[in-house]
Amino acid sequence: MPYESLAEFLEELEAEGDLARVRTEVDPILEVSEITDRISKAHGPALLFEKVRGSRYPLAINVLGSERRMAKALGVKDLDEMAQRIAEIVKPEVPEGFLDKLKMVPVLARLGSIPPKIVRSGSCQEVVQTGDQVDLTELPIIQCWPQDAGRFITFGQVFTRNPQTGDRNVGMYRQQLLSRNTTAMHWHPHHDGCQHFLLHQKAGTRMPLAISLGGDPIYPYMATAPLPPGTDECLFAGFLRGRPVQLVKCKTIDLEVPASADFIIEGYIDPKEPLVTEGPFGDHTGFYSLADQFPVFHVTALTHRSNPIYPTTIVGKPPQEDCYMGKATERLFLPLVKLFIPEVVDYDLPWFGVFHNFAFVAIRKRYPQQARKVMSAIWGLGQMMFSKIIVVVDEHVNVHNYQEVLFHVGANVHPGRDVVFCQGPTDLLDHAAPVPCVGHKMGIDATRKFPEEGHPREWPDEMLMSQEIIDMVSKRWWAYSIGKDPGPVGKGLHPKV
Ligand SMILES: Cc1cc2nc3c(=O)[nH]c(=O)nc-3n(C[C@H](O)[C@H](O)[C@H](O)COP(=O)(O)O)c2cc1C
Ligand SMILES: [Mn+2]
């Protein structure tokens, strides 16, 4: 069953010993961030700060900050279980007999739960403040890093509509607090919310916008999922939670928002108004994003539960909470990547690559230059297009073992032949690109080379023990009397190298 509230999820975490309550008063300026960073680096629990200076609301952070908590929020025991469910609908087996058809029932039930449902009332509107009553400074909004331009709402889901098609979008974009009823809205130019804004700008129409905070812990995840433009993130969440997302109508604008949210901030952007300076902000990359020009969001209503919890996050050098959200995306989207690039066996977006700097990809190579074909396909695949450095290895290489990947880069790459450079759109956050959003990418083909790839001499076989001997030694291990079996080395390199 999906979670009815953030509070319910936190209660379960607490019962499982995976939440720490901080009762002493803390400062929202940097103190919350330093505590959270230490806990993130130590792979620690979710945190609930009960008293944040200047606010009456408790603050939750690092809620999705472990693989276990991320999977729990998705209602599964591990991420691969959800990936399997997605694989089932991406590539359904055609049912033959009665038993096969029965097996399809849960799959169909999940599909039925996809469309969101509009309900008449929701706990997110137990308290409604409009007009002059609105005061965002009552929220425990944090400053994350010393050179940040101010306080930022960091874990909100931004609800907008495409003014031409009516399609809903939900994206996680941060807001810098400007006054009691205004914020700056930081969306990257490639993201759907910004595209909606540009359509409003062209038409000269006001853009209604709502920020949702809290509720089912799946909501912050859905807002970060890299779905294609025009695909409603609420549909995806409906599938993930196995129940429709319940939405209520906003009080002051024509949008719907999650009924179970803790806070909803309603308002609009006037595209005729001049942009304002937003940032700097300490970002996912471990560097400050430079100040830039973004639209102003005017708040028309602040609604909330009667006992709301304010969720937030910090980003910075990994590991942080967002690493686990990124890992969930990596696993959940693998079946889709395989659908479009069938030779992909597995991939890994290492934390040290902060989502866009590195992608390690294992492929089942059948023909010459196939690694280059895969690189091109990835550079054309949704937000994977931002991958700055792609390393392609053969199918037996464990892409989650970075030593093993680099071993094959070292061993198999003839640099003048196997490195590809190209140019294209880059992530806004890539500060090494001399111009924002435009830059170079590199592909490294670390696969075994065919003669047609400029390798006329014979390629040696990699040394791998035969499965028969591996099994035999495992079975006989105790007979050798040398203590506990460290386990077979496997096909690749030993992780401890
Ligand atoms: C913690 C966190 C914070 C994020 N902050 C921003 C942000 O401020 N601006 C932005 O454009 N994207 C941000 N992102 C990335 C987007 O949420 C993500 O790319 C998402 O897929 C965009 O959705 P869209 O394709 O519907 O626009 C953030 C992601 C995470 C995990
Ligand atoms: Mn989207």
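Note that ligands are numbered from 1 as they come in the structure, with each ligand's atoms numbered from 1 the same way. All values below come from the heavy atoms of this structure, side chains included, with hydrogens, waters and symmetry mates left out.
The N/O atoms of T154, backbone and side chain alike, include none that comes under 3.5 Å of an N/O atom in ligand 1. The distance criterion of under 3.5 Å between nitrogen or oxygen atoms is not met by W187 with respect to ligand 1. Of the polar atoms of V315, none of the N or O atoms is found under 3.5 Å from an N or O of ligand 1, judged by distance alone. Between T313 and ligand 1, a contact under 3.5 Å exists for no N or O pair. Between T224 and ligand 1, an N or O atom pair is found at a separation short of 3.5 Å.
Protein heavy atom in closest approach to atom 25 (O) of ligand 1: D192 OD2, 3.3 Å.
Proximity of P295 to F197: side-chain heavy atoms (C-beta onward) are separated by under 4.5 Å at one or more points. Contact annotation: the side chain of Y219 never approaches that of L6 to less than 4.5 Å [non-hydrogen atoms, C-beta and beyond]. Side-chain contact between P28 and Q143 is absent, with no heavy atoms from C-beta onward closer than 4.5 Å.
F355 CZ to Q383 CD: the interatomic distance, rounded to the nearest 0.5 Å, is 10.0 Å.
Distances from the Mn ion (ligand 2) to each N, O or S atom of D192 single out OD2 as the nearest. For E233, the N/O/S atom at the shortest distance from the Mn ion (ligand 2) is named OE2.
Salt bridge status for R69 with E12: absent, with no side-chain N to carboxylate O gap under 4.0 Å. Using a cutoff of 4.0 Å between basic side-chain nitrogens and carboxylate oxygens, R21 and E50 are scored as salt-bridged.
Between H284 and ligand 1 there is a heavy-atom distance shorter than 4.0 Å. Using 4.0 Å as the threshold, L428 has no heavy atom nearer than that to any atom of ligand 1. Not a single heavy atom of Q195 sits less than 4.0 Å from an atom of ligand 1.
Judged purely by distance below 3.5 Å, without hydrogens or angles, the side chains of Q320 and N62 never pair a donor atom with an acceptor atom.
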